[in-house]
2 protein chains.
Amino acid sequence: MFSQNHTDLAATIYDIAKKAGVSIATVSRVFNQSTKVSESTRKKILAIADEVGYHPRAHAQGLASRKSNLVMVVVPVISNYFFMEVLGGIQDKLSEQNYELSIFNISPNKDAAEQVGHVMKRRWAEGYLFISIHLQNEQWEQLKKYNVPITLVDEHFEGFDSVSVDNEQGAYRAVKSFLEMDYKRIAMLSALETSKPISNRITGYKKALQEYDVPFDERLIIEGNSMYRDGFTEKAGYEAMKKILEINPMPDACFCASDIQAVGALKAMMDTGKKIPIIGYDDIELAEYIGLSTIRQPMRDMGFFATQNLIDRMNNPQKAISQTIYTPELVERTSTSTFKDLKAK
Amino acid sequence: MFSQNHTDLAATIYDIAKKAGVSIATVSRVFNQSTKVSESTRKKILAIADEVGYHPRAHAQGLASRKSNLVMVVVPVISNYFFMEVLGGIQDKLSEQNYELSIFNISPNKDAAEQVGHVMKRRWAEGYLFISIHLQNEQWEQLKKYNVPITLVDEHFEGFDSVSVDNEQGAYRAVKSFLEMDYKRIAMLSALETSKPISNRITGYKKALQEYDVPFDERLIIEGNSMYRDGFTEKAGYEAMKKILEINPMPDACFCASDIQAVGALKAMMDTGKKIPIIGYDDIELAEYIGLSTIRQPMRDMGFFATQNLIDRMNNPQKAISQTIYTPELVERTSTSTFKDLKAK
DNA sequence: TGAAATATTGTAAGCGCTTACATTACATTT
DNA sequence: AAATGTAATGTAAGCGCTTACAATATTTCA
């Protein structure tokens, strides 16, 4: 239940010390799990603290100890399915370890590096999780100078701990599955190509084609309008798919850079009446319900593990740098299997 | 770009003051937008600060000024579409006003009031946004004693600023639209009924029936399995819809308590081959793409406005308490219109 | 030109904690 | 019982800022 004795002047460590007849150091020790306090005084102090509703002020603790118990998550856009899932995993880990979570949202309108610099300079958090943040090489290098624990999620740069997914492999598997079904003209519904995950997926796409001796045709890669959220929207997917369906001759399969775009693509096919098998990317919760075949990324696990990793580094800055790469897997559903059945007939 | 001169011992206000040949008070004034600094020294200080990459430490500022510039968002479950949208609005407002955002996630496994009490006691944030947090009357009362700015979103309790949606009205409109189409046996796919939004929606449902002289039949209200996320999941929707389709005689329309459940419901209809018109609730981004008719809640606006409201109160604690109620509107899409067309024929 | 008014800067006392080091109380050992 | 070791507590110096108040510089105006 809530504290009963609240007044405007909240109790400080001095009040508790006075009431308990001890020094503030002793009170502080009680609240810092120090073992150097006798059981009797610990109990007395805890009782008094509870009675007056005392709780150490985070700012004072932070200033005095030069620690904040705060982990900052830096993300590009908050309303995004991938991020949501990852954040779920982060939360799980953080609450388990008694850390607070703060979120910093990189606005797409301003320079990313500048905003990141701003966050770092505040020196607020003890550790940072960068989710899907893409910077220039030189900017990553600058970031290292802050000498603060940072773990990258869905991105990798030499010298940082990172947790990511093998995008090349994911795309490769998707495209390969099409090739195995004997599709040759495979389109790729892409997004902003300057981002590394996307360029890696394109590499995987090409690699699969090469392996099956299918010549690469750049006209089959369509980049959705990326003005908003780098193109990771249903709308961008919808429009890009319309273009794809107009290519002559029409592609006979399509690999989409994300599920959310694939949803738009599905809609485009419904509206135009044209239909080709598609595979998405991410495996968002929804994919199962619309029967979308997709490449599954273990998003929640990634968040959980990345946080684990970050906390490890916070506790031991000398720890060796690790790069964790999850391999995504293909999940087949009706957006491809119906066609498979047709082929089989 | 990031700071160039980073060392492990980051610059403090003293370093800047010394370099600039002024007192720390003057430096502080520059960083607090005080007008009482001459333009020339302001520029000099800013230049030096930029050069050494100085930035005031949040904890020190917070302790000295007894303010944190921090707004805490308290939510029940983070991975939730409704919350995501609301958070987007909050972010917009907050970044505009230069506040930091922290998130506290109420774990469903522990007592909500206790966790809320814990957050409040830390006295960390200057203002709190409670999103979809449901407490007992007595617990709300206790909360008031902290005497701290709080704005409720998607919930209301006398004595708090709140921003919510008229759930009764929303449900009423949905059900009424069915009644106008001459459907009589209208099922409701519900969720955990102890929550106020849900009970209000049930009230609206009943009200519409009454108005059209359709007797209320409690067997037509099916509560999804609410063990997880209070039942607001596709899975819960899927299973509940299966039950609804088995009711004898089969209902001829269904009002769902959320879009996310409606997605599951749609799937259930596909799987069983039975089909009745449905209306969801929320209007999540996805609804448009799957043609789901729904009751639109202006989620982003709610977040934005609630934050505005909170900041107003933080600046003026005497401000009169306000309750803002948005009226949701019906958005008709194919999940109802196809049926309408059929009827018309 | 000099006093009064105003603009700019400095001084210093906290804000509420942590923690190294010093001190005291108590238990052990001989 | 004195000497020694150990556990428990206290002392005091910050942590890096803000801000009331005091001091000084600059401007204004008679």
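Order of the sequence lines sets the chain letters (A, B, ...), proteins ahead of strands, with each chain counted from 1.
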Check your understanding: Strictly by modelled atom types, are B:D154 and B:S164 linked by a side-chain donor-acceptor pair under 3.5 Å?
Key -> no
Practice item. Indicate whether OP1 or OP2 belonging to C:dC15 is found under 4.0 Å from a side-chain N or O atom of B:R66. Key: no
**Study point:** the helix from C:dT1-D:dA30 to C:dT30-D:dA1: angle between end helix axes, five pairs per end, rounded to 10 degrees
**Key:** 40°
Practice item. Please assess A:E158 against A:K144 for the test salt bridge (Lys or Arg N to Asp or Glu O under 4.0 Å), listing each intermediate value before the final yes or no. Key: CA-CA 10 Å; A:E158 181 269 317; A:K144 285 181 190 167; 3.8 Å; yes
Exercise for review: Give the rounded distance in Å between these two atoms: CG of A:L63 and P of C:dT19.
Suggested key: 12 Å
Check your understanding: Hey, is the main chain of A:S68 close enough, under 3.5 Å, to the side chain of A:E126 for a donor-acceptor pair?
Key -> yes
**Study point:** Residue B:S38, side-chain atoms from C-beta onward, closest of C:dT9, C:dC17, D:dT19
**Key:** C:dT9
Check your understanding: How close or far is atom C1' of D:dC17 from atom CG of B:N32, stated in whole angstroms?
Key -> 9 Å
Exercise for review: Rounded off to whole Å, could you give me the NE2-to-P distance for the B:H59 and C:dC17 pair?
Suggested key: 14 Å
Practice item. Please state whether the phosphate of C:dT9, meaning OP1 or OP2, lies under 4.0 angstrom from any side-chain nitrogen or oxygen of B:T41. Key: yes
Exercise for review: Indicate the ring-plane relationship of A:F130 and A:W140, choosing parallel, tilted or perpendicular according to the 30° and 60° boundaries.
Suggested key: tilted
Check your understanding: If you check the B:S65 side chain, which of D:dT19, C:dG16, C:dT18 turns out closest?
Key -> D:dT19
**Study point:** For atom CH2 of B:W124 and atom C1' of C:dG16, their distance in whole Å
**Key:** 15 Å
Check your understanding: Between D:dT9, C:dC15, D:dC17, which one does the side chain of B:Q61 approach most closely?
Key -> D:dC17
Exercise for review: Examine A:Y128 together with A:Y146 and report whether their ring centres are nearer than 6.0 Å.
Suggested key: no
Practice item. In whole angstrom, give the distance that lies between atom CD of A:E39 and atom P of D:dT9. Key: 11 Å
Check your understanding: Are A:N309 and A:T324 linked by a side-chain donor-acceptor pair shorter than 3.5 Å?
Key -> no
Exercise for review: Tell whether A:Y14 reaches the base of C:dC15 with its side chain through a donor-acceptor pair below 3.5 angstrom.
Suggested key: no
Review point. Rounded to the Å, how far apart are B:R42 CZ and C:dT8 P?
Key: 10 Å
Review point. Between A:S38 and A:S40, do the side chains contain an N or O donor and an N or O acceptor separated by less than 3.5 Å?
Key: yes
**Study point:** B:K44 side-chain N/O to B:E39 backbone N/O, donor-acceptor pair under 3.5 Å
**Key:** no
Check your understanding: How close or far is atom P of C:dG14 from atom CD1 of A:I13, stated in whole angstroms?
Key -> 18 Å
Check your understanding: Among residues 17-31 of chain B, which contact DNA chain C at a heavy-atom distance under 4.0 Å?
Key -> B:G21, B:V22, B:S23, B:A25, B:T26, B:R29
Exercise for review: Would you please classify the geometry between the A:H55 ring and the B:H118 ring as parallel, tilted or perpendicular, with 30° and 60° separating the classes?
Suggested key: perpendicular
Check your understanding: From the list D:dC17, C:dG16, D:dT19, which nucleotide is the closest neighbour of the side chain of A:R57?
Key -> C:dG16
